Amino acid sequence: MNARLESSPFAAMVDEQPNEFRVSTAAYRGPEIFEEEMQKIFYKTWIYLCHESEIANPGDFKSTQIGTRPVIVARGREGGVHAFLNVCSHRGATLCREEKGNTRSFVCPYHGWSFRTSGELLGIPDEARYPAGFDKSNKNLKQVPRLASYGGLVFGSFNPDVEDLEVFLGGAKRHIDLWLKRAAGSRYHLATSHKYGFHGNWKFQAENVHDGYHPGFVHKSAFNTVRKFDGSFENRELKAAVRQQGYTRGYPEGHGTLEAGAPLESGGIDPAVRQAYCDKLKALYGEDEAAEILTNRQFLIFPNLVIFDFNIRVVQPIAHDRTEVYSYPVMIEDAHEQLNANRMLDAQTRVGTAGILSADDIDVFAGNQYALQAEGFDWITLSRGLDKEEVLPTGERVGVYSDETPQRAFWRTWRSKMTSAC
């Protein structure tokens, strides 16, 4: 370990040995660590802002956050994408209080200053009362320094020196590409989000999305219910406590996957409709690639973007012990109505606000936060599969479905960023 890591208090919070990988329970609690995460992670790397379908037309906007900083992302009248702090440059008021919409300009509700959708100051009421020579050139909205997109996913960063987005995505690009191909030559658009919150650290949700070890235990009652409705879900492991088929992956950039090794589809689609969709994928990409496209995978783009087969989830930190989650069903333009209905059904019945799985998870998260306040319990272990995973020359690590391979990748990157000099 180099001198920089040794001198950082965060280095010791992730302890990696040949036969054990441990994380300090202190990493999940306390406002001081949370604030360092905002400064070292959320304000230094790429953070997902929106999908391009949410700002498809000039004047479209969405209110979102990078860390705890409020941000507006908007399509300018000239067609470009812009992102800036949701803070009026006059007196610091919240400029836009709508979640999304379309506008010709943003007008501050406090004193009426107005701004173009590209962020430039447009007008000041009763401007003549300002001093002669009053400098308006620095009164534009504060821009997010870096913006980029990949596959319709729009990212921003407050770090002007952040690496290029595709470098940051690394090996996860392959999984994004496969997800994009599920649209069968068409495009995605996002439906209105499902929202929920829980009293727990944001990292519990980030770790959980590619955790294949917990479903047979946390979701046992949900699986028992599914078993009573034959055909409602396909290729679910409903009997064994731990699924034996499938993979996990962890990448040097902190991204990780959970792959079931088979399609995991909801029932209710006419077989002819499903066959036509599969045939189109085969015609576009070949039989082998089509099979890979249809294989279930869900993956985390470090630190807080989750992509499911039919859903995008954003994990939004609020405080060290409070998290909000935004879950967006992903529809396919021009797809058969049964396919999109199935996608919406998946969001509603499985991973959405009232789904049979999410409520189980957030109950565990809240319990985790409560339990980790206990004095004398200093470490959790993420050692499953540690000596059995395959390490590729690229740094990608591959484990079985229940291994904690992606969680270890997350925490290695967390440690690296939290121990950085700036």
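We use all heavy atoms of the structure for the numbers below, so side chains are in, but hydrogens, waters and symmetry mates are not. Throughout, residue positions are numbered sequentially from 1 according to the sequence presented. Note that the structure is a prediction, hence the values are computed from the model and not measured.
Heavy atoms from other residues, nucleotides or ligands lying under 6.0 Å from CD of E337 number 12 at most. In the displayed structure, D270 atom CG is contacted under 6.0 Å by more than 12 heavy atoms of other residues, nucleotides or ligands. Atom CZ of R77 has more than 12 heavy atoms from other residues, nucleotides or ligands within 6.0 Å. Remark: Y130 OH is packed, more than 12 non-hydrogen atoms of other residues, nucleotides or ligands lying under 6.0 Å away. Within a 6.0 Å sphere centred on CD of E98, heavy atoms belonging to other residues, nucleotides or ligands number 12 at most. Atom OH of Y247 sits in a sparse spot, with 12 or fewer heavy atoms from other residues, nucleotides or ligands closer than 6.0 Å.
Checked by atom type and distance alone, the side chain of Q65 pairs as donor or acceptor with a backbone atom of G67 at under 3.5 Å. Listed for the T94 side chain is no donor-acceptor partner under 3.5 Å among the backbone atoms of C96. Looking at T257, its side chain never comes within 3.5 Å of a backbone N or O of E259 through a donor-acceptor pair. Judged purely by atom type and a 3.5 angstrom limit, T323 uses its side chain to pair as donor or acceptor with the backbone of G200. Between the side chain of R29 and the backbone N or O of Q373, no donor-acceptor pair lies under 3.5 Å. Of the possible donor and acceptor atoms, none in the side chain of E324 sits under 3.5 Å from a partner among the backbone N and O of I318. A donor-acceptor pair is defined here as one N or O able to donate and one able to accept, closer than 3.5 Å; no such pair exists between the side chain of S416 and the backbone of T413.
Between atom CD of residue Q143 and atom CZ of residue F158 there is a gap of 10.0 Å, rounded to the nearest 0.5 Å. Atom-to-atom distance recorded for I176:CD1 and L169:CG is 4.5 Å, nearest 0.5 angstrom. Here the straight-line distance linking atom CG of L258 with atom CG of N296 works out to 7.0 Å at 0.5 Å rounding. Separation of atoms CG (N102) and CD1 (I55) is listed at 11.5 Å; rounding is to 0.5 Å. Summarising the geometry, atom CH2 belonging to W113 is positioned 12.0 Å from atom CG belonging to L95; distances are rounded to the nearest 0.5 Å. E52 CD to L190 CG: the interatomic distance, rounded to the nearest 0.5 Å, is 10.5 Å.
The shortest heavy-atom contact between A83 and V71 is CB-CG1, 4.3 Å. The two residues N201 and A27 make their nearest non-hydrogen contact at ND2-O, 4.4 Å. The heavy-atom pair separating Y328 from S193 by the smallest distance is CE2-CB, 3.3 Å. In this structure, F204 and Q369 approach most closely via the heavy-atom pair CE1-OE1, 3.2 Å. Across all non-hydrogen atoms, the minimal contact from V315 to Q205 is CG2-CG, 3.5 Å. Minimum interatomic distance between I332 and S186 (heavy atoms only, all atoms of both residues): CG2-CB, 3.8 Å.
In this pair, F365 and F198 present their aromatic rings tilted. The plane angle is within the 30 to 60° band.
At least one side-chain heavy atom of R412 sits less than 4.5 Å from a side-chain heavy atom of F21. Taking the side chain as every heavy atom from C-beta outward, L147 and L49 approach each other to under 4.5 Å. No side-chain heavy atom of Y48 sits less than 4.5 Å from a side-chain heavy atom of I301. Residues N311 and P329 have side chains in contact (heavy-atom distance under 4.5 Å, counting atoms from C-beta outward). In this structure the side chain of Y277 never reaches within 4.5 angstrom of the side chain of I269, judged on heavy atoms. In this structure, L382 and F410 have side chains that are not in contact, with every pair of non-hydrogen atoms separated by 4.5 Å or more. The side-chain heavy atoms of L178 and R297, taken from C-beta on, include a pair separated by under 4.5 Å. Inter-residue side-chain proximity for C88 and F115 is flagged as met; some heavy-atom pair is nearer than 4.5 Å.
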*Take Y110 and H90 through the side-chain contact (heavy atoms from CB on, under 4.5 Å) test and state the conclusion after the steps.*
CA-CA 9 Å; Y110 197 6; H90 173 217; 5.8 Å; no

_Run the ring pair (Phe, Tyr, Trp, His ring centres under 6.0 Å) test on H255 and F168 for me, step by step, so that the C-alpha distance in whole Å, both residues' side-chain angles and the decisive distance to 0.1 Å come before the verdict._
CA-CA 10 Å; H255 319 311; F168 165 76; 5.0 Å; yes

_Walk me through whether T117 and H82 qualify under side-chain contact (heavy atoms from CB on, under 4.5 Å)._
CA-CA 8 Å; T117 51; H82 308 270; 6.0 Å; no

_Assess the residue pair D321 and H199 against the criterion (side-chain contact (heavy atoms from CB on, under 4.5 Å)); give the C-alpha distance rounded to whole Å, side-chain angles, the decisive distance to 0.1 Å, and a yes or no._
CA-CA 5 Å; D321 58 357; H199 291 287; 5.9 Å; no

*S63 vs N86, side-chain contact (heavy atoms from CB on, under 4.5 Å): CA-CA, chis, key distance, verdict*: CA-CA 8 Å; S63 298; N86 189 2; 4.2 Å; yes

*asked:* Could you go through W202 and F42, starting from their C-alpha distance and side-chain angles, then the distance that decides it, and tell me whether this counts as ring pair (Phe, Tyr, Trp, His ring centres under 6.0 Å)?
replied: CA-CA 12 Å; W202 67 275; F42 282 84; 5.1 Å; yes

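Side-chain atoms of R187 and S53 form no donor-acceptor pair, as typed in the model, at a separation below 3.5 Å. A donor atom on one side chain and an acceptor atom on the other are not found under 3.5 Å apart for N342 and Q338. With 3.5 Å as the limit, one finds a donor-acceptor pair spanning the side chains of W414 and E37. For the residue pair T419 / R415, no side-chain donor-acceptor distance below 3.5 Å is found, with atom types taken as modelled.
Taking the ring centroids of F61 and F106, they lie under the 6.0 Å cut-off.
With respect to E404 and R22, no salt bridge is recorded, no charged nitrogen being found less than 4.0 Å from a carboxylate O. K195 has a carboxylate O that lies under 4.0 Å from a charged side-chain N of E99, or vice versa, which qualifies the two as a salt bridge. With respect to the salt-bridge test (charged N to carboxylate O, under 4.0 angstrom), the residues R146 and D164 qualify.
Of the candidates E389, E20, E207, R408 forms a salt bridge (charged side-chain N to carboxylate O under 4.0 Å, His left out) with just one, namely E389. Applying the salt bridge (charged side-chain N to carboxylate O under 4.0 Å, His left out) test between K173 and each of E396, E253, E166 identifies E166 as the sole match.
In this structure, K139 satisfies the cation-pi test against F134, with its NZ or CZ atom closer than 6.0 Å to the six-membered ring centre and inside 45 degrees of the ring normal. A cation-pi arrangement, defined by a distance under 6.0 Å to the six-membered ring centre and an angle within 45 degrees of its axis, is present between K203 and Y28.
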